[in-house]
Amino acid sequence: MSDSAGPRLPLAARQVFLLTGLDGVDRIWMQSPTRVALLMRQGRKLNYRAIETPELKVVVARPVEID
């Protein structure tokens with residue numbers, strides 16, 4: 001599959017790239033029309049990620065401390 005912007009990966013391939021190593025997603029929401037935020041578990045750690053959807057780029061990644 002390709003267009004004037006160049007070849008694109010199938011949706012499943014892009015999901016595997018973004019979601020590898022996850023044990024679960026506790027919350028997901030849209031921060032803006034182009035940015036999705038996730039509160040996710042990786043092992044026993046909770047992490048926050050913000051992803052720019054047009055570029056499929058993680059723009060914020062940080063651990064979440066739980067008291």
Side-chain angles (χ1 to χ4, degrees):
M1 168 175 11
S2 67
D3 56 21
S4 61
R8 293 184 52 96
L9 295 172
L11 181 59
R14 289 183 281 163
Q15 287 174 333
V16 170
F17 174 76
L18 289 173
L19 300 176
T20 56
L22 292 183
D23 292 321
V25 175
D26 291 342
R27 185 164 182 208
I28 186 169
W29 67 97
M30 294 298 296
Q31 287 186 324
S32 74
T34 61
R35 184 177 287 187
V36 63
L38 299 123
L39 190 56
M40 64 179 92
R41 284 176 276 118
Q42 292 177 302
R44 296 180 52 92
K45 297 178 181 178
L46 194 60
N47 293 289
Y48 166 81
R49 299 279 188 274
I51 301 166
E52 281 293 328
T53 54
E55 296 88 21
L56 297 176
K57 180 180 177 183
V58 176
V59 293
V60 179
R62 64 176 181 250
V64 176
E65 297 292 327
I66 301 173
D67 292 334

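Computed from heavy atoms alone, side chains included, the values below leave out hydrogens, waters and symmetry copies. Position 1 is the first residue of the sequence; numbering continues from there.
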Let me confirm one number: the CZ-CE distance from R27 to M40, rounded to the nearest 0.5 Å.
14.0 Å
Could you tell me the separation between the NZ atom of K45 and the CD atom of E65, rounded to the nearest 0.5 Å?
10.0 Å
Kindly say whether T53 contributes a backbone atom to a donor-acceptor pair with the side chain of T34 at under 3.5 angstrom?
no
Can you check side chain to side chain contact (heavy atoms under 4.5 Å, CB included) on Q42 and L22, steps first, answer last?
CA-CA 5 Å; Q42 292 177 302; L22 292 183; 3.9 Å; yes
Tested for side chain to side chain donor-acceptor pair (under 3.5 Å) against R41, the lone hit among D26, D23, N47 is D26
Where is the tightest heavy-atom contact between E52 and R35, given as atom of each residue plus distance?
OE2-NE, 2.9 Å
